[in-house]
Amino acid sequence: MVKKRLIPCLDVRDGRTVKGIQFEGLRDAGDPIALAARYAREGADELVFLDITATNQRRQPLTELVRDVARVLDIPFTVGGGISTVADVEALLLSGADKVSINSAALARPELIRDLARRFGSQCVVVAVDARLVDNEWQVMTRAGTVATGREAVAWCREAAELGAGELLLTSMSHDGTKSGFALELTRAVSDAVPVPVIASGGAGQPSDFTAVFQAGGADAALAASIFHFNETALPALKQYLHAEGIPVRL
């Protein structure tokens with residue numbers, strides 16, 4: 001049976017890990033290298049590193065910091081933020097990333113997904129989708145969640161998978177940082193619509209939220225930040241809880 005994955009996320013700004021609510025009100029959460037090492041020790045299945053200001057600042061990701069984080073990891077490592085070219089991806093892979101996460105650049109030029117999949121393989125390409133519930137419809141946002149695209153979330157996820165995305169990182173901006181639980185209906189709709197793994201993100205607040213997103217939401221993996229960063233839920237304890245709930249996880 002395929003194991004469900006638990007993935008801590010490092011949202012990085014100015015070299016520090018930060019976390020907010022619905023992408024706003026960011027507060028410091030610690031040193032990304034120290035956090036990465038801790039999560040690897042605690043049994044995280046993967047780690048995601050998102051340079052959250054790279055796109056809006058129109059710069060490339062922080063490859064030196066990526067390299068430093070990669071050195072303390074022995075688990076799959078995904079990096080996103082500011083990626084817009086094949087050369088950007090090459091630089092990150094050489095710096096230690098195993099996968100890349102693209103968002104705004106994919107929305108601006110969807111063929112980038114196909115180009116990267118052909119060059120590096122679909123397994124390397126994660127398309128991040130930031131969605132906000134507007135008038136009862138899940139709308140895709142771009143540029144760190146600041147600009148509406150007019151695209152409907154499930155339709156865009158389906159298109160991204162058809163173009164060659166190997167995974168989808170689906171974040172509900174409406175739930176992000178609220179600790180009210182994942183967006184189960186959205187996650188289930190996307191999971192049912194695409195043939196690739198879906199990573200659910202946004203809203204984790206307690207262990208039962210993970211059970212719900214794996215069972216009702218159909219997610220293949222769950223990403224969380226603040227509950228791990230601020231020691232509200234420990235990864236080993238969460239895995240034991242999920243195992244007891246009958247969720248297949250790597251212990």
Side-chain angles (χ1 to χ4, degrees), residues 1-12 16-19 28-51 65-80 92-93 95-101 123-124 126 128 166-171 175-177 179 181-182 184 187 191 196-251:
M1 183 178 292
V2 176
K3 307 291 189 184
K4 302 295 187 179
R5 291 170 287 149
L6 297 178
I7 307 175
C9 181
L10 306 178
D11 293 316
V12 176
R16 297 286 294 179
T17 306
V18 295
K19 189 67 187 93
D28 188 86
D31 173 63
I33 301 170
L35 285 171
R38 178 184 127 199
Y39 293 139
R41 289 195 307 269
E42 291 181 348
D45 296 294
E46 301 187 18
L47 185 75
V48 168
F49 173 113
L50 299 176
D51 185 343
L65 181 56
V66 168
R67 187 177 298 111
D68 290 340
V69 170
R71 287 194 183 106
V72 302
L73 294 177
D74 57 1
I75 56 176
F77 182 32
T78 299
V79 177
L92 289 171
L93 295 179
S95 296
D98 299 291
K99 298 184 266 189
V100 295
S101 172
Q123 81 289 339
C124 180
V126 180
E167 289 186 291
L168 298 170
L169 172 52
L170 178 65
T171 299
H175 292 70
D176 178 74
K179 301 181 185 179
F182 294 92
L184 299 181
T187 305
S191 296
V196 300
V198 175
I199 304 167
S201 170
Q206 55 189 336
S208 60
D209 293 333
F210 291 86
T211 304
V213 81
F214 289 137
Q215 292 182 335
D220 299 276
L223 179 146
S226 57
I227 66 167
F228 297 143
H229 298 341
F230 302 118
N231 299 308
E232 296 167 18
T233 298
L235 271 164
L238 177 57
K239 286 198 169 188
Q240 290 292 339
Y241 170 86
L242 291 172
H243 177 69
E245 290 287 299
I247 305 296
V249 293
R250 181 176 63 86
L251 296 175

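We're numbering straight along the sequence, starting at 1.
- Pairing each heavy atom of S191 with each of G217, the nearest pair is OG-O, 3.4 Å.
- A distance of 10.5 Å separates CG in L238 from CD in E245, rounded to the nearest 0.5 Å.
- What you find for V12 and P32 is that their closest heavy atoms are CG2-CB, 4.2 Å.
- Atom CG of L223 and atom CG of L50 lie 7.5 Å apart (nearest 0.5 Å).
- With hydrogens and angles ignored, the 3.5 Å screen pairs no side-chain donor or acceptor of K99 with any backbone N or O of V48.
- Here the SG atom belonging to C9 is positioned 12.0 Å from the CD atom belonging to E46, to the nearest 0.5 angstrom.
- What you find for K179 and E232 is that their closest heavy atoms are NZ-OE2, 2.6 Å.
- The shortest distance between side-chain heavy atoms of L242 and K4 does not fall below 4.5 Å.
- For the atom pair L92 CG and R67 CZ, the distance stands at 9.5 Å (nearest 0.5 Å).
- Side-chain contact between T233 and Y241 is absent, with no heavy-atom pair separated by less than 4.5 Å.
- Between the side chain of D45 and the backbone N or O of I7 there is no donor-acceptor pair closer than 3.5 Å.
- If you take CG on L10 and OG1 on T17, they are separated by 4.5 Å, rounding to the nearest 0.5 Å.
- Side chains of D220 and V2 form no contact here, defined as non-hydrogen atoms less than 4.5 Å apart.
- Every residue was checked against the ring-ring contact (aromatic ring centres under 6.0 Å, His included) condition with F228, not counting sequence neighbours, and none meets it.
- Between K239 and V249 the shortest heavy-atom distance is O-CG2, 3.6 Å.
- Evaluation of the ring-ring contact (aromatic ring centres under 6.0 Å, His included) test over residues 197-221, restricted to residues two or more places apart or in two chains, returns F182-F210.
- The shortest heavy-atom contact between A44 and L235 is CB-CD1, 3.8 Å.
- P197 and R5 get closest at one heavy-atom pair: CB-NH2, 3.8 Å.
- Counting heavy atoms from C-beta outward, L47 and V69 have side chains that approach closer than 4.5 Å.
- Without hydrogens or angle criteria, D98 side chain to F77 main chain gives a donor-acceptor distance under 3.5 Å.
- In this structure, C124 and L93 have side chains that are in contact, with non-hydrogen atoms separated by less than 4.5 Å.
- In this structure, the side chain of H175 does not engage the main chain of A204 through any donor-acceptor pair within 3.5 Å.
- Rounding to the nearest 0.5 Å gives a distance of 10.5 Å between OG of S95 and CG of L65.
- Looking at heavy atoms from C-beta onward, V198 lies out of side-chain contact with E167 at the 4.5 angstrom threshold.
- Two residues are said to be in side-chain contact when any heavy atoms from C-beta on lie closer than 4.5 Å; P8 and L35 fail this criterion.
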